[in-house]
Amino acid sequence: MPVEFLGIATTNDASETSARTTAAFDPAYLERIVRAHEDNGWTRVLFAYGSSGPEPAALAAYTAARLQSIELLLAHRPNVSYPTYAAKTFATLDQLSGGRLSVHFITGGNDHEQGREGDRLTKDDRYARTHEYIRIVKQAWSSAEAFDHHGEFYDFEDFVLDAKPVEGHVPTISFGGSSDAAFRVGAAEADIYAVWGEPLARTQEQIDRVHAEAAAAGRTTPPRIHAAFRPIVAPTEELAWEKAHRVLDRIEARKAQLGGQLSRRHPIDRPENAGSQRLLEIAAAGDRYDTALWTATAKATGGAGNSNALVGTPEQVAEALLAYYDLGVRVISARGYDLLDDAIDFGRHVIPLVREGVAARDRSTARAAATAEASADADGAAVGTGERVA
């Protein structure tokens, strides 16, 4: 089965390890970093959402006009627009990009960040609203006739969307979260369920939960699984670990410079969302797991989003990612600390190895299926001639 790779699209080069050297809003840098992904084997890039950041739909449209093959993942928070308007925006972007749009719905795990844009709902109510929102967007995309909706959060009549997504393409919906409410909503509605990189055993637990909730919602096919990591890669294992500790030192220095935290959206001493709490719990129990997973970066950032690292040579990081593929992960998010150079290096040196490993697994599966089919045919022929089958 295919494996996909998700990178990041940003308008400046700031990260947890360094202040920006570009302008705060630099369209040339945006085009440069997305082109680096497009030229080096990545599937799509994420246009992230934050209350103080640029509007991601506009950035996606700008990018679609300048790059012809990279797919676009638009992060969207339901509190910022009515779902009929959002469905129209998404369909327009899908048309402009020639069917390259996907949408990642963010319910919001921090009350203060949500409140910056006037969202005062409780966390459980936010998830209920997101569930209703996604269903409306799906119906707007698919309905040829005008429809009414009278729900808990939205109420309208006689809506029909003239500008549908590109014919034959329905934008993929992805969703993430580690709370009970997140699993229920995402497993019921999403095409892709996103989790942050955790040890293999803990990742398996989350995959099992997604599958169980999808079955409970009546789905026969569960969402594909997306896992996110911070790769720290070097030509030798020793150099990779030296690089990893330099990254950690730079995170701590940056944190000290900014008064003890790295983001206004994520107070690192008291994360509210279940995913960050899980990452900190794992980091407290140990800093190295499996073959390459390193949790020190998650601990230093307070479990701020995608923050567990994979450390090693390209071959070691690829093998670690293939272990997640074997669990059922089909979308890999990998964002380095040097956003541009790490995107190029990961694309050149790791992505081909992972794809080769996946292709080898596909060939092995096909051979096993062919052998099993041939054996079944032989057994059937033996029975048909009256021969005894052991």
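Starting from 1, each residue takes its place in the sequence as its number. Just so it is clear, the values below take in all heavy atoms, side chains as well, and ignore hydrogens, waters and symmetry mates. Predicted, not measured: the structure shown is a model, and the values here were computed from it.
- Within the structure, no pair that satisfies the salt bridge (Lys or Arg N to Asp or Glu O under 4.0 Å) test touches residues 151-170, not counting sequence neighbours.
- Salt-bridge annotation for E132 and R135: absent, with no side-chain N of the basic residue lying under 4.0 Å from a carboxylate O of the acidic one.
- Counting only distance, with no hydrogens or angles, the side chain of T203 and the backbone of E198 share a donor-acceptor pair below 3.5 Å.
- With L321 as reference, L310 is the one residue of V3, D326, L310 to meet the side chain to side chain contact (heavy atoms under 4.5 Å, CB included) rule.
- The minimum heavy-atom distance between S307 and L279, with the atom names listed, is OG-CD1, 3.5 Å.
- With hydrogens and angles disregarded, a donor-acceptor distance shorter than 3.5 Å links the side chain of Q277 to the backbone of P271.
- Looking only at side-chain heavy atoms (C-beta outward), R77 and S51 come within less than 4.5 Å of each other.
- Under the 4.5 Å side-chain heavy-atom criterion for Ile, Leu, Val, Met, Phe, Trp and Tyr, V170 and I134 are members of the same hydrophobic cluster.
- In the hydrophobic clustering of ILVMFWY residues, with side-chain heavy atoms under 4.5 Å counting as a link, Y154 and V80 come out apart.
- No donor-acceptor contact under 3.5 angstrom links the side chains of Q316 and T291, judged on distance only.
- The shortest non-hydrogen separation linking E237 to T313 is N-CG2, 3.4 Å.
- In this structure, D119 contributes its side chain and G115 its backbone to no donor-acceptor pair below 3.5 Å.
- Counting heavy atoms from C-beta on, the side chains of P199 and L293 come closer than 4.5 Å.
- Summarising the geometry of L101 relative to H169, their closest heavy-atom pair is O-CE1, 3.3 Å, with the distance given to 0.1 Å.
- Atom CH2 in W141 sits 4.5 Å away from atom CD1 in I173 (nearest 0.5 Å).
- Partners of D111 under the side chain to side chain donor-acceptor pair (under 3.5 Å) rule, at least two apart in sequence or in another chain, are R126.
- Here the side chain of N12 pairs no donor or acceptor atom with the backbone of T22 at under 3.5 angstrom.
- When atom types are taken as modelled, the side chain of T122 and the backbone of D125 share a donor-acceptor pair closer than 3.5 angstrom.
- Side-chain atoms of D26 come within 3.5 Å of backbone N or O of Y29 as a donor-acceptor pair.
- Looking at H37, its side chain does come within 3.5 Å of a backbone N or O of I33 through a donor-acceptor pair.
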Exercise. Between I225 and V331, is a side-chain contact (heavy atoms from CB on, under 4.5 Å) present by the stated rule, with each step listed?
Worked result: CA-CA 6 Å; I225 302 298; V331 181; over 6 Å; no

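- A donor-acceptor pair is defined here as one N or O able to donate and one able to accept, closer than 3.5 Å; such a pair exists between the side chain of D342 and the backbone of Y337.
- Hydrophobic clustering (side-chain heavy atoms under 4.5 Å, transitive across Ile, Leu, Val, Met, Phe, Trp, Tyr) groups L339 together with V34.
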For this session: Determine, step by step, whether E189 and R184 satisfy the salt bridge (charged side-chain N to carboxylate O under 4.0 Å, His left out) criterion, reporting the C-alpha distance in whole Å, the side-chain angles of both residues, the deciding distance to 0.1 Å, and the verdict.
Result: CA-CA 9 Å; E189 298 296 338; R184 285 194 300 272; over 6 Å; no

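- In this structure the side chain of F159 never reaches within 4.5 angstrom of the side chain of I136, judged on heavy atoms.
- The two atoms that bring L353 and A318 nearest to each other are CB-CB, 3.6 Å, heavy atoms only.
- Taken together through direct or relayed side-chain contacts under 4.5 Å among Ile, Leu, Val, Met, Phe, Trp and Tyr, V195 and L280 form parts of separate hydrophobic clusters.
- The closest side-chain donor-acceptor pair between S276 and N273 falls under 3.5 angstrom.
- No option in K255, R250, R230, R254 other than R230 meets the side chain to side chain donor-acceptor pair (under 3.5 Å) test with E16.
- Comment: R129 does not engage D124 in a salt bridge, judged by the lack of any side-chain N to carboxylate O separation of less than 4.0 angstrom.
- Residue pairs that meet the salt bridge (Lys or Arg N to Asp or Glu O under 4.0 Å) test with at least one member in residues 299-324, sequence neighbours left out, do not exist here.
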For residues 69-76, please give each side-chain donor-acceptor pair under 3.5 Å, one per line with the distance, not counting sequence neighbours.
unit_1 : atom_1 : unit_2 : atom_2 : d
S69    : OG     : E38    : OE2    : 2.9
E71    : OE1    : R44    : NE     : 3.3
E71    : OE1    : R44    : NH2    : 2.7
H76    : NE2    : Y133   : OH     : 2.7

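- Shown here is R219, whose CZ atom has more than 12 heavy atoms of other residues, nucleotides or ligands within 6.0 Å.
- Under a 4.0 Å N-O distance rule, the pair E272/K123 does not qualify as a salt bridge.
- Scanning for side chain to side chain contact (heavy atoms under 4.5 Å, CB included) contacts around A334 gives W42, P231, F346, with sequence neighbours left out.
- No continuous path of ILVMFWY side-chain contacts below 4.5 Å connects L248 to Y289, so the two sit in separate hydrophobic clusters.
- Among residues at least two apart or in separate chains, there is no salt bridge (Lys or Arg N to Asp or Glu O under 4.0 Å) pair with a member in residues 78-103.
- Note that the CD1 atom of I8 and the CG atom of L46 stand 4.5 Å from one another [nearest 0.5 Å].
- Every residue two or more places apart in sequence or in another chain was checked for a ring pair (Phe, Tyr, Trp, His ring centres under 6.0 Å) with Y127, and none qualifies.
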Problem set entry | side-chain contact (heavy atoms from CB on, under 4.5 Å) assessment of F175 paired with T107 | CA-CA 9 Å; F175 190 93; T107 298; 3.7 Å; yes

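- Cation-pi geometry between R330 and Y325 is satisfied (NZ or CZ under 6.0 Å from the ring centre, within 45° of the ring normal).
- For the side chain to side chain contact (heavy atoms under 4.5 Å, CB included) test, residues two or more places apart in sequence or in another chain that qualify with E238 are T236, E242.
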For this session: Starting from the C-alpha separation in whole Å, work towards a yes-or-no answer on side-chain contact (heavy atoms from CB on, under 4.5 Å) for I332 and V329.
Result: CA-CA 7 Å; I332 294 167; V329 172; 4.2 Å; yes

Exercise. Going through the distances and angles, do V233 and H349 end up as a side-chain contact (heavy atoms from CB on, under 4.5 Å)?
Worked result: CA-CA 9 Å; V233 182; H349 303 300; 5.7 Å; no

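- The ring pair (Phe, Tyr, Trp, His ring centres under 6.0 Å) search around F147 returns F156, not counting sequence neighbours.
- Side chains of F25 and P54 form a contact here, defined as non-hydrogen atoms less than 4.5 Å apart.
- In this structure the side chain of P78 reaches within 4.5 angstrom of the side chain of F105, judged on heavy atoms.
- Partners of T63 under the side chain to side chain donor-acceptor pair (under 3.5 Å) rule, at least two apart in sequence or in another chain, do not exist in this structure.
- No side-chain donor-acceptor contact under 3.5 Å links S364 to the backbone of A360.
- For residues 205-215, every residue pair satisfying the salt bridge (Lys or Arg N to Asp or Glu O under 4.0 Å) rule, not counting sequence neighbours, is listed here: D180-R209, R202-E205, R209-E213.
- A distance-only check finds a donor-acceptor pair linking the side chain of T43 to the backbone of F5 [under 3.5 Å].
- In plain terms, the two heavy atoms of R278 and S178 that are nearest each other are CD-CB, 3.6 Å.
- Evaluation of the ring pair (Phe, Tyr, Trp, His ring centres under 6.0 Å) test over residues 221-256, restricted to residues two or more places apart or in two chains, returns F229-Y324, W241-W294, H245-W294.
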